[in-house]
*Asks:* 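I'd like to ask some things about the structure below.
Numbers restart at 1 for each chain; the letters A, B, ... are given by sequence-line order, proteins then strands. Computed from a prediction, not measured in an experiment: that's the story for all the values here.
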Number of protein chains: 2
Amino acid sequence: MAATPLFRRIDVAPAYQKVADAIEREIINGRIKPGEPIGTEQQLVAQFGVNRSTVREGIRVLEEGGLIRRDSSRRLQACLPRYNKLATRLSRALILHEVTFRELFETSMTLEVASVEGAVERATEENIAELAGNLARSADVVGNPADLAELDAEFHVLMAKASQNRVLQLAREPAAQLFFPTTEMIVGGVPEGGARLVEAHRHILDAIRRRDKEAGVLWTRRHLQDWRRGFEKIASLDRSVEHTYMEHAYAARQ
Amino acid sequence: MAATPLFRRIDVAPAYQKVADAIEREIINGRIKPGEPIGTEQQLVAQFGVNRSTVREGIRVLEEGGLIRRDSSRRLQACLPRYNKLATRLSRALILHEVTFRELFETSMTLEVASVEGAVERATEENIAELAGNLARSADVVGNPADLAELDAEFHVLMAKASQNRVLQLAREPAAQLFFPTTEMIVGGVPEGGARLVEAHRHILDAIRRRDKEAGVLWTRRHLQDWRRGFEKIASLDRSVEHTYMEHAYAARQ
DNA sequence: AAATCTAGCTTTGTCGGACAAACCGATAAG
DNA sequence: CTTATCGGTTTGTCCGACAAAGCTAGATTT
């Protein structure tokens, strides 16, 4: 396109950013492995030749990005970014973008179905045992919406885990974090809601055990459709997630 | 469970974290709207009663989290977290977790199919025009793998946009960022690869225009299966994304 | 000798102050 | 009306300092 420029683009990134980038590079390309120490702030000061305040700003960037963390004794070490932490930030972004429950529901339907398909195909004995444990605990608290909602969320996490697909696990997490908290509202508001939920989980787990993909998908769809029907009794699918939560929080305080 | 404790859990979060949390709260619950200024560092120092270094560390956290940014004149303002930036972090996380292309492919198949279904249902005239523009440009560079790969990625972004589902847009982004760069490798390595890609896009767009969901899904699947076949000619689906990219980068340098 | 304690060194989190460069706004000059 | 200039702000960086918490190794006790 253009002629070769005479000068290279001048690098104007602030020093703290360069510090963060330099450490990030070492982690990304594997020269520092997760769990390995990064060194003390003093050492970084010496290596980069910048002030400790500057180093600390760079550290904050990486810490928030999930690439490094401080161990029990506050020493820096590289780490594998936790999906959960990243997902939390994504959920926050979704709220700020004022997405609606309709969007959330549609996407969750897609991802939970994919999740159960994967689980039916590839769940290990251990995965199945975990799901069974969750189901047993759910049956015990069927009358307690708060506890049941928590176990419901866990059931779906375990299902995604059973799919053995980490990309899918990650992709579903942000939506799930916004989606499943409503379970408590719904189970609490619909008689027999808790029983239907546990029933659906039971059929899903059974389908996974029998490697029956069709049944797994069917019951997952029913399970989510149940959620949807319950939701529409108490709120509109086309309102933003943010507003709905706000109102619910307000109502709960009364 | 336990008796009501006599003392409330004392807060030991470091000051910079509290600064970040305090500002985040104001943004999340809407008291500071996206685009509005946060104030200068000096003002934050005065308001929070902490040192400027501390304030700056808190700012770094929020900046990395995408909740605030500095405008042209480096003043702080709240902002809507950009999907893209967050997705980059997630992609990085996926690489560090050494996910395989099989996981990536499976999830992308799910999400792209959901994407085209949404697009068939809800694409606006404007969405269709954007897709058509992309298609026309693609046809022009059918012999240039690098440019074509870029336009392919854009086509799929536009398709997700046309689905009018922002949760879906967000959910597909991390996988897409890792998935589509390989298009260049594949199109370059398979004769007629470029032509098949443009052909698939043409059929997909046509299906969206005709609101023919079945055709849209069919051609999207074919399109991705094409990718998969091409990929398997040059690498294994079960190797980690990281290693495959490394080798490709190495080969390109020779 | 093994376990425990203690004193000193290290490291982190925070603070205060400082300064150059970039930026902003307003005024002066063409 | 545009351009140049100048002072006040603001950011990015640096220096030095200190309390609290953690770690280490030698001293003490059992």
*Asks:* Can we say B:Glu63 and B:Arg69 salt-bridge, meaning some charged N sits less than 4.0 Å from an Asp/Glu carboxylate O?
*Replies:*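 Salt bridge flag = no for B:Arg69 with B:Glu63.
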*Asks:* Do A:Phe179 and A:His156 have their ring centres less than 6.0 Å from each other?
*Replies:*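 Here the rings of A:His156 and A:Phe179 have centres that are no less than 6.0 Å from each other.
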*Asks:* OP1 or OP2 of D:dT13 sitting under 4.0 Å from any side-chain N/O of A:Asn51?
*Replies:*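 No, outside the criterion.
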*Asks:* Let me spell it out: for each of B:Arg56 and A:Ser53, pick the nucleotide of DNA chain D with the closest heavy atom. Which residue's pick is nearer the 5' end?
*Replies:*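 The answer here is B:Arg56.
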*Asks:* Taking A:Arg122 for the side chain and A:Ser163 for the main chain, is one N or O donor matched with an acceptor at less than 3.5 Å?
*Replies:*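 Yes, the answer is positive, given that a donor and an acceptor are paired below the 3.5 Å cut-off.
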*Asks:* Does A:Ser73 have a side-chain nitrogen or oxygen under 4.0 Å from the phosphate oxygens OP1 or OP2 of D:dC23?
*Replies:*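 Answer is yes, contact under 4.0 Å.
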*Asks:* Assign B:Arg52 to base, sugar-phosphate, or nothing according to its heavy-atom contacts below 4.0 angstrom with the strands shown.
*Replies:*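 Base contact.
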*Asks:* What is the distance from CD of B:Glu41 to C1' of C:dG17, rounded to the nearest Å?
*Replies:*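 Nearest whole value for this atom pair: 15 Å.
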*Asks:* Whole-Å distance between D:dT10 C1' and B:Leu44 CG?
*Replies:*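 So the CG-C1' distance, B:Leu44 to D:dT10, works out to 12 Å.
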*Asks:* In whole angstrom, give the distance that lies between atom CD of B:Glu57 and atom C1' of D:dG12.
*Replies:*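 In whole Å, D:dG12 C1' lies 14 Å from B:Glu57 CD.
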*Asks:* For A:Gly49 and B:Thr40, find the nucleotide of DNA chain D closest to each by heavy atoms; which residue's nucleotide sits nearer the 5' end?
*Replies:*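 Result: B:Thr40.
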*Asks:* Hey, does B:Arg75 reach any base, or is it just sugar-phosphate, or nothing, if we go heavy atoms under 4.0 Å?
*Replies:*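 B:Arg75: backbone/sugar contact only, no base atoms under 4.0 Å.
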*Asks:* Using the six-membered ring of B:Phe101, assess whether NZ or CZ of B:Arg239 lies under 6.0 Å from its centre and within 45 degrees of the ring axis.
*Replies:*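 Not satisfied by the 6.0 Å and 45° rule.
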*Asks:* If you compare every side-chain N and O of B:Arg74 against the phosphate oxygens of C:dA21 (OP1, OP2), does one of them come in below 4.0 Å?
*Replies:*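 Looking at the OP1 and OP2 atoms of C:dA21, neither is under 4.0 Å from any side-chain N or O of B:Arg74.
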*Asks:* Using a cut-off of less than 4.0 Å, is there contact between a side-chain N or O of B:Arg70 and OP1 or OP2 of D:dG12?
*Replies:*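 Checking B:Arg70 against D:dG12: at least one side-chain N or O falls below 4.0 Å of OP1 or OP2.
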*Asks:* To the nearest angstrom, how far is B:Glu63 atom CD from D:dT11 atom C1'?
*Replies:*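 Answer to the nearest Å: 11 Å.
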